[in-house]
Amino acid sequence: MTDLVQTPGAPSPEPYGHSRTGLDPDSLRRGIVDHLRYSIGRPAAALRPEHYYRALALAVRDRMQDNRAASTQTSLDLGRKITCYLSAEFLMGPQLGANLLNLGIEGPAREALAELGQDIGEVLACEPEPGLGNGGLGRLAACYLDSLATLERPAIGYGIRYEFGIFDQEIRDGWQVEKTDNWLAQGNPWEIAKPDVSYLVRWGGFTEHTADGVRWVPGRVLKGVAYDTPIQGYGVRTCNVLTLWSARAVESFALEAFNTGDYYKAVEDEVTSETVTKILYPNDEPDAGKRLRLLQQYFFVSCSLQHVLHILDDLEGASLRELPERFALQLNDTHPSIGVAELMRLLVDERGLGWDEAWALTVRTFGYTNHTLLPEALETWPLAMFGESLPRHLEIVYEINRRFLDEVAARFPGDAERLRRMSLIGEDGDRSVRMAHLATVGSHAVNGVAALHSELLRHSVLADFAELWPERFSNKTNGVTPRRFVALANPGLRGLLDRTIGEGWLTDLDRLRGLEAFADDPAFQQEWQEVKRANKIRLADYVRETTGVELEPERLFDVQVKRIHEYKRQHLNVLHILTAYHRLKTTPGLEIPPRAFVFGGKAAPGYFLAKRIIKLITAVGDVVNNDPEVSPFLKVAFVPNFSVRNGQLIYPAADLSEQISTAGKEASGTGNMKFMINGALTIGTLDGANVEIREEAGPENFFLFGLTVPEVEELRRTGYRPADHVTGELAAVLDLLTDGTFGDPEVFRPLVDNLRHSDPFLVLADYASFVECQDRVDAAWRDRAGWTRMSILNAARSGKFSSDRAVAEYCDDIWNVGPVTVAGRP
Ligand SMILES: *Cc1c(COP(=O)(O)O)cnc(C)c1O
């Protein structure tokens, strides 16, 4: 087949058999061979699996680019509204498998590689994971991009192309060691650099107010360059885009327009400019690189908004006034919330709109998703630093605030205390800019990420705003994509579901309800157990390779994987293990159901207690796994470097999902959903989306323990004394940590002291309830048919937790965007 000349956007004239677009095995094979020759250029004798990976990735990207061109053209032709998802993090996971799945070419790719003597598993393993996020928030953004494309909604993800993503975690001597994640070292076949799509971003300096208006004379100018990654929908032609901005030094001629205050500083060498997108900062890091983090946020938001206005300029007959009809801008947490002030600056200073009109457009265009109630995680910037960095934006924030507080004062006359609480400027201690307030005031829609979280938002941190604008607030419970977290992660379950309820579940997860009819069917139960067992063997192999610990698949796999944080309470989980250990050691002949405790997760490099918790887990593992009296019943493994890739091995292998945060602290969680869809039972508190998981599964299929939010508040109000709980088994268990049983007592002293004397996350208050609940888990596990029934029912009732449902709600209630079908073959 000859290559046919195509104009961008025109449907592929002859997709079948074409080496760039054909979806059959032979076209794919020729696409791979072409790329090996023309894009990679290694002699045949020197080709290794990683070269086949790159060649296949490029061949797959060609097919997506064809769909991308058609999608762009369709959006332009129809002039339909585009959703822009602004997020400082996108935790995409490996792309090749997901793209093959969504294009419907897993089989053809396997065949094409086999023809070339390559094994697809080996080729898939060559892909480095782009770790451009910390955890749940970044992964949510990635799930939403998958759902937006699958639901055929035109969308752009906007973020930062970090040169180094989240660090790689190694475990040495039981401690976390951080290694830089050089994910771009071998190149990135998915992205297309667009040096012509670039914007200048100013920073620092001062403003001048003249008769002609405001002039911002920056101290520095840098340039953002777009890198586009296609985002293919499943089973549809729609292919959206993730645009990540990379910082560059500016050519000096480009600076003339700005007449910068300090020419030499403005033309700083590339090294300084490029550091802006050098590294992703870990969460929970006290004060790390604060100023650079603000610059990162402003940098990517400014580039993104300039790009949006640029697209709008290019649209036939569209004017600035149509911005809210043409674009929805969603703020994934406060990280991009400087966008509210930046859009005002662009509209007023650069486009000459009046303030009132610009403000109305801004509010109608932005939506804000809140992700945390933790006071230490609510973003604020010291006023002085903010003003030095973004002098014009500080003026704009002041003006937004002045008008806003006038509105509040008119609604609530004489309520100075309310004005103080609601101000965009925090006045307690050092003055600061409150980004959650800026995001709330500048958005027409504000949402939390689980029913309980949204409720708490309305009644705690944003209560005054909810009183002023009740209609702005809503809930959008998070979801996860079943393409990655079932079809890719759990091929055994995928096959069983296809055979049992048909293939439609992958885009309509509510169809899993069809499994309920089989929950008590012994033949189906048998198949269900076989799938789970195969997944456990697959994980056990991985755990053996990475840790040396042997986990027998007959054990109950009890799994807690997520960032290591005191509020997530991995240490409560450890206290249960220690309790079982203590019972085994002190009760001759005691038999309990054998368990494998699996942990995984990264701690922020500067988070002292979180790092001790990792050491605690590994130290307990070292003792328990090597004690012949105990190891038949208890094994403990810490899987290093928890990531999307190894998550795909871990979630499907779990029997029990640990979701044990202090009530009121976990906004939603999404790991909890991944476990449920894959048939794990949850042991959890009434926190985040656990509440809805329990509602959907039925309380009889969920292991509930612990204080509720009102009980937590009551306990705090009346004065919590952790020492009161240190009696009986708990006293014995805490003593184990400081009597040398698990090595140097000084290592765990800070953790134990923290629990005994302050225990901010109420670990000791929930201990007895947790242990009692774990005893119920043991009893339930002894009835294997009963457990299997509960497992099936959990999966059957997990449909709500698809990101397709979540994204459809955002589209209907906040973004007002409908589907746009792109013609041509899917
Ligand atoms: C889903 C996911 C998370 C979020 O887990 P939670 O249990 O909701 O905190 C974090 N990291 C990775 C790699 C994930 O896939």
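By convention here, the first residue in the shown sequence is residue 1. Ligands are counted one by one from 1 in listed order, and the atoms in each one are counted from 1 as well. For the numbers below, each heavy atom of this structure counts, side chains included, while hydrogens, waters and symmetry mates do not.
Among protein heavy atoms, atom 15 (O) of ligand 1 sits closest to Lys674 NZ, 2.6 Å. In terms of protein heavy-atom proximity, atom 7 (O) of ligand 1 is closest to Lys562 NZ, 2.8 Å. Closest protein heavy atom to atom 5 (O) of ligand 1: Gly671 N, 3.8 Å.
With sequence neighbours excluded, no residue forms a salt bridge (Lys or Arg N to Asp or Glu O under 4.0 Å) with Asp687. Residues satisfying the salt bridge (Lys or Arg N to Asp or Glu O under 4.0 Å) test with Arg511, not counting sequence neighbours, are Asp508.
Close approach to Gly135 involves these atoms of ligand 1, each under 4.0 Å from a residue heavy atom: 10 (C), 11 (N). Residue contact check: Thr670 has heavy atoms under 4.0 Å from atoms 1 (C), 4 (C), 8 (O) of ligand 1. Heavy-atom contacts of Gly669 reach the following atoms of ligand 1: 8 (O) (cutoff under 4.0 Å).
Here the closest heavy-atom approach between residue Ile231 and residue Asp146 is recorded as CG2-N, 4.4 Å.
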>> Test side-chain hydrogen bond (donor to acceptor under 3.5 Å, both in side chains) on Thr477 and Glu692; report intermediate values, then the result.
In response: CA-CA 9 Å; Thr477 298; Glu692 291 155 83; 2.5 Å; yes
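The proximity of Tyr651 to ligand 1, defined as any non-hydrogen pair under 4.0 Å, is limited to the side chain. Only the backbone of Ser643 comes within 4.0 Å of ligand 1, counting heavy atoms alone; no side-chain atom from C-beta on gets that close.
For the pair Lys602 and Phe167, the cation-pi test (distance below 6.0 Å, angle within 45°) is passed.
For the pair Arg563 and ligand 1, the shortest N or O to N or O distance does not fall below 3.5 Å. Distances between N or O atoms of Phe642 and those of ligand 1 include no value under 3.5 Å. For ligand 1, none of its N or O atoms has an N or O atom of Asn134 under 3.5 Å away. Considering backbone and side-chain atoms alike, Lys568 places an N or O below 3.5 Å from some N or O of ligand 1.
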